[in-house]
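These values consider heavy atoms only, across backbone and side chains, with no hydrogens, waters or symmetry-generated copies.
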Amino acid sequence: LPKGIPTKVDNGLLNNGCFLDALGVVPHVFLLFSTFPILFIGWGSQSSKVHIHHSTWLHFPGHNFRWLLTIVLLLVLVCEIAEGIVSDGFNQSRHLHLYMPAGLGILAAITSIVYYHNIETSNFPKLLIALLIYWTLAFITKTIKFAKYDDHGIGLRQLRFCITGLLALLYGLLLGVEVNVILRRRYMWFPCPTEVKPPDDLQDLGVRFQQPFVNLLSKSTYCWMNTFITSAHKRPIDLKTIGKLPISMRALTNFQRLRKAFDAQEKGPVPLKGSRWIWLALRQAFGRPLVLSITFRFIADLLGFVGPLCISGIVHHISSDNHSVKLLGVHFISSEAFLANAYVLAVLLFLALLLQRTFLQASYYVAIETGIKLRAAIQTKIYHKIMRLCTSNMSMGDMTTAQICSLVARDTNHLMWFFFLCPNLWAMPVQIVMGVLLLYSLLGVSALIGATVIVVLAPLQYFVATRLSRAQKSTLEHTGERLKKTNELLRGIKLLKLYTWEHIFRSSVEETRRQELRKLRTFALYTSLSIFMNAAIPIAAVLIIVNGYFTWTQGCPTLTSIDIKVPFGQLTMIVGQVGCGKSSLLLAALGEMQKISGNITWKSLPKSDSEENVSILTACVFRKRGSVPYASQRPWLLNATVEENILFDMVPNEKRYKEVIEVCQLQPDIDTLPQGDQTVIGERGIILSGGQRQRISVARALYQQTNVVFLDDPFSALDIHLSDHLMHEGILKLLRQEKRTVVLVTHKLQYLPHADWVWAFNTVDLKGHPVCKPELFEQWRTLMNRQDKIGWCLVVFAESSTSTDEDSLRAELHHRTTIPWSSFATYLHAAGLLLLPLLVLSQLSKHSLMVAIDFWLAHWTSPGCCCAVLLSQVCEFSHSSYLQVFCGLCALGIVLCLVTSLAVEWTGLRVSRELHCSLLHTIVLAPMRLFETTPLGNILNRFSADTNTIDQHIPVTLECLSRSTLLCVSAVGVISYVTPLFLIALLPLAVACYFIQKYFRVASRDLQQLEDSTEMLLLSHYSQTIEGLTTIRAFRHEQRFKKKLLEHTDANNISSLFLMAANRWLEVRMEYIGAFVVLIAAVASISNTLCSQLSAGLVGLGLTYALMVSNYLNWIVRNLADMEVQLGCVKRVSGLIHTQPENYDGLMTPAQVPAGWPKYGEIQIKNLSVRYDSSLKPVLRHINSHIRPGKKVGICGRTGSGKSSFSLALFRMLDTIEGQIVIDGIDIAKLPLQTLRSKFSIILLSPVFLSFNLDPERKATDQMLWEALEIAQLMPVVKALPGGLDAMVTEGGENFSQGQRQLFCLARAFVRKSSILIMDEATASIDMATESILQKVVMTAFADRTVVTIAHRVHTILGSDVVIVMKHGAILEYNEPDVLLEQKDSVFSAFVRADK
């Protein structure tokens, strides 16, 4: 053979290049043959499924380092193959030994890591002996080859020498990792192997979020999500599907970590407070993962510059010649020659893109995961703070439920996203500096001019950013004000409709909406610019308060000189006038008020069944009380079943439960519910009547087996029969038999003789006596001879509960259809015929112009033009002509960018205005049935979350989706124009993209909806806790609710984590597909250039567009999924807009109604039958009645008899089946609804407080308002307020007592002075003394007017001219009260006798 041929062995085998390469094949062949039986026979079926063995799976020592070394090994082997192929190109004959061993090395490396993974998941390390032998042999062979290269003078200038040395190093490191596993696990040559258990999370089959536990490859590519994503297409994703969070990610774990950080800050040498203290604690608790995220981002950004450099190299070296050196019979090339090969640069570009996208997604994942942990910790800390919150902060308006929910929902999310954006803050300066340096190396001084422009524009960008922030903040303020008014409108909709004030409040909301839209326009403008810029008696007491002074706020005390002792095992009643502090006393005892001075002492007695009288000396004194069952004046219920509300997390006791149900007379009501006591009663018990809510609240207190029970006016919403039954069977029998200590606040003075102690309030100074004051008791006895009764608001349970919006919302969460194109059409239709064409035309024009600019640059930089410039004497074109056209195109592009951004934003604003206006108009005109069967929170959600999505999210998503789609189409078009061969490879890539987006969209939609639903449950838990804070603390159930909070927080976080992992799953795959697009485009362009002399400018253009395809593909799918979810908001709003409104029109016009009608107040009811809805049965049947002008009519009856329906029929709030109501000669069915309701006044059972309470129409003078307040006994109260009549009222009127709120409703009716007044159980929360005065005032002020009183207390209608007794929707008795009382067998006389 000729000298220099690689097969020559004259100087020994080891000096032959071919033999050295063949020697390197031996370890690879050994590994493949030794692992084949184990890998494909022993574990083949399991490894192919990539299932995780939860019971045995465990990372061996050096797990991540092994994976990193293996990945680097694969990359180096790829370089060895490329170097061998390029070197072989200089030989006259093929030399397979230059790259075939490297190919076997790649196969062996892949086999080794697959084999290792199977051994690791089976926790059987003894079989790793095969890898130990492989790494040893590979290290020896590469070391020999490296040494021989060095002997023959092959050095660092030859690339193959560097690759061989690097491979020897990698094999040596992997050998070290294998030895480390032996030493740590002691599975070979040691008598006692180390037993290691898998992590606790892996032993819990409920933990399905496997990101922290899978191998490095699966972590990087999210392969463990494959099964989850594909299975979502077959069945909906729910909380059971996603399982539990790993321990390290749970809210409790991260809260404890944050609390330790706060404690460490407090114990520091210089204790800090304020925002800096918080930031330091957050950094200490969650800063370390953030550093890792920033590191990943730095690596990704540095790799990002490899792409442009490779493209530049391909363009410049596409036709250059390579040089080599021949040693050991083969050619060796240098690193410079290797990197000058265009195909090598294409492969290098592909690998750099894969790594860059992988590190970028890893940075995103770590940052968002840390942000989610931070959010959970802060939400838990806020909840713990709420549990210690003083009740006065809520009642006095210092803090509202909406503010706290906003803090939880918005601010904690902002902190989470701040952590996500933190790596960007560090990466941007690096990107700018590196970019400028790179441009300077390529362009020289021109790059510095561009950098100067960036620096000059920085202040302008800062100005735009600050204005954008201010506009956003101002928009949020107006949004909050609009939601506050909308919430007020929805909560008081019944009153507003009855008083015909709905249009006044709608105008108020619309005015606030106009201000919000103005700020949104400003925000849209700056957003466009941003886009454009790119003790008296010694007794044994359970509670002792000595000289107590209590207040709700800083200032004058609300309760002063409180000296009371509550005896053990006795019934203590608290009575007094409205607003004198009865409820405040209970709350002070429970620690809900701020104590200025004095002592509160709680005592408990040893359990003793034999002794009834226990000396105070045997009592155990506690400054801190135990659990106190507390039934508040306003019932607080959970959004749970009836049974869960009563048990309140106590151990079920069937006997006790039935006993409590019977005592509270709940069985008949439970029988009417669709699922009995397993019926979910909705938010705040929306499907229940007031009396039922009250009795469930009392039942909860009775079920608890504690020593002390606090009942705050439990009879206010109950009729006389229910009140008597609860008093005798529940309090006097059940609680007294158990020797329970009962504190009862009541206005039912007929029960006072049953009390052991009575504490009477005259002022805020409380003086207690075993017996009431004689003169006060005599005054009360005169009132006790009268009987009182209250009816329930009629609610039809079976129909309403089964059709609530809550159920429909749950159905929507699992509604899995295709993209809602109908909602998209609704959205575009609302945009109008002018903006829609402008939007489409501007988008198409902008992207067409962008492609034209890029083509012009490619043409400008083409070799033909460069030659023409050098030969200027024969050149037809010059730089100036190119520059002018380029500048003109750029200027036009800038204008089109601004026009497009404005078109998108203005389209969104128009849609927002149209949909919100239609929604508000529909809600205001909707029938009351909608509000009775739909939780107000769901309706409010249409105005808040859904409107916010339509306002700010859909326009951005629509713009991004259209931009990404057009850019992707442009990129594919340009690449196909430059290299038509690309179209062949496009088909499989398009099929892959289709299936990826198909599976991702379904999973993403489910996860987003699951995240939203769990967030709603979390916020609902916060609002329920805030509303029932007093009850929770009274029962000492703080820990139970904290545990529930952790469950809701973890459920929300696991949804967020799976959604984030799904997004990363999508982005990694789209980025990899984009990398393949770049590789195919690069190879096709290079081949096309070599064959057909394609210009370098077009090659660079095609590769530049290919480089951006992955981003476009990713954002198309992401925005498509986001748009699908966001269009659900449009669908829900549109569904509500199509609600059938009330019929506000009449046969008569307002002008045809006689002036001053109704003048006399005569009411004739003829054969009237009405119902709440067309699908329900009649609630009034064939009613006939004649109420003469100026008469006082009392209506009474048992619960559900139709009393309230009678009053609502006068306002046409119900559907009339037959019959008519004639008032002063006019059939009310012929009147316009607005005119009819404006002529009457009504006072409802539940007091409704608004921002304008007495005179929203601004028709009354101040004198008239003061006169009405004086009649309602409220003048002293209002005069004491700062501002008098202009004093601000807190949300829901919380700065007034329940009774005072009812008196304000009376004053509201007095201001109107209509000829017909309906009092629907208006004195439910007023003491008898105040009620007696008000009855006299009503009789005087409305002496010549018709008054219809629905009886709360029967004695209030004894002075009426006519009494109507109702039963089952029909009139049972109709006569004067004296006549009915004379009839001993009449129902009315039975009511009166029952109260004596």
**Request:** Specify the closest pair of heavy atoms between T241 and P236, including all atoms of both residues, with the distance to one decimal.
**Result:**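 Nearest heavy atoms, T241 then P236: OG1-O, 3.9 Å.
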
Assess the side chains of [X] and [Y]: does a donor N or O sit below 3.5 Å from an acceptor N or O?
X: S293; Y: S363; result: yes
X: S912; Y: D951; result: yes
X: E1011; Y: S1056; result: yes
X: Y1072; Y: T221; result: no

**Asked** Out of L1059, V1002, I229, which residue meets the side chain to side chain contact (heavy atoms under 4.5 Å, CB included) rule with L1007?
**Response**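 Among L1059, V1002, I229, the one meeting side chain to side chain contact (heavy atoms under 4.5 Å, CB included) with L1007 is L1059.
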
**Value rounded to 0.5 Å, distance of OG in S1055 from CG in D1012** =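 Answer for the OG-CG pair, S1055 versus D1012, is 9.5 Å.
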
**Request:** List in chain and number order the residues that pass side chain to side chain contact (heavy atoms under 4.5 Å, CB included) with M428, two or more places apart in sequence or in another chain; answer none if no residue qualifies.
**Result:**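 M428 satisfies side chain to side chain contact (heavy atoms under 4.5 Å, CB included) with N424 once adjacent residues are dropped.
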
**Message:** According to side chain to side chain contact (heavy atoms under 4.5 Å, CB included), who are the partners of L889, at least two apart in sequence or on a separate chain?
**Reply:**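 Side chain to side chain contact (heavy atoms under 4.5 Å, CB included) list for L889, sorted by chain: L849, I853, W856, V885.
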
**Set of salt bridge (charged side-chain N to carboxylate O under 4.0 Å, His left out) partners for E1071, sequence neighbours left out** =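 In terms of salt bridge (charged side-chain N to carboxylate O under 4.0 Å, His left out), with neighbours along the sequence ignored, E1071 is linked to R357.
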
**Item:** Those residues that, when tested against R297, pass salt bridge (charged side-chain N to carboxylate O under 4.0 Å, His left out) (two or more places apart)
**Value:**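 Partners of R297 by the salt bridge (charged side-chain N to carboxylate O under 4.0 Å, His left out) criterion, ordered by chain and then number, come out as D301.
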
**Request:** Give the ring-plane orientation class for W1065 versus F1000, where under 30° counts as parallel, over 60° as perpendicular and anything between as tilted.
**Result:**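 Parallel, since the angle between the ring planes stays under 30°.
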
**Request:** Check the angle between the aromatic planes of F359 and F296 and answer parallel, tilted or perpendicular using the 30° and 60° thresholds.
**Result:**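 Because their plane-to-plane angle lies in the 30° to 60° range, the rings of F359 and F296 count as tilted.
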
**Prompt:** Taking atom OH of Y977 as the centre, does the number of heavy atoms from other residues, nucleotides or ligands within less than 6.0 Å exceed 12?
**Reply:**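 For Y977, atom OH is not crowded (no more than 12 foreign heavy atoms under 6.0 Å).
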
**Message:** If you count every heavy atom of other residues, nucleotides or ligands that lies below 6.0 Å from F1076 atom CZ, does the total exceed 12?
**Reply:**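 Result for CZ/F1076: open.
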
Acceptor/donor pairs from residues 987-999 side chains to any protein atom, 3.5 angstrom cut, sequence neighbours excluded:
from, atom 1, to, atom 2, distance (Å)
Q997, OE1, R1001, NE, 3.0
Q997, NE2, Y994, O, 3.1

**Asked** Could you give all pairs that pass the side-chain hydrogen bond (donor to acceptor under 3.5 Å, both in side chains) test and reach residues 963-973, with sequence neighbours left out?
**Response**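 Matches after skipping sequence neighbours: E959-R963.
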
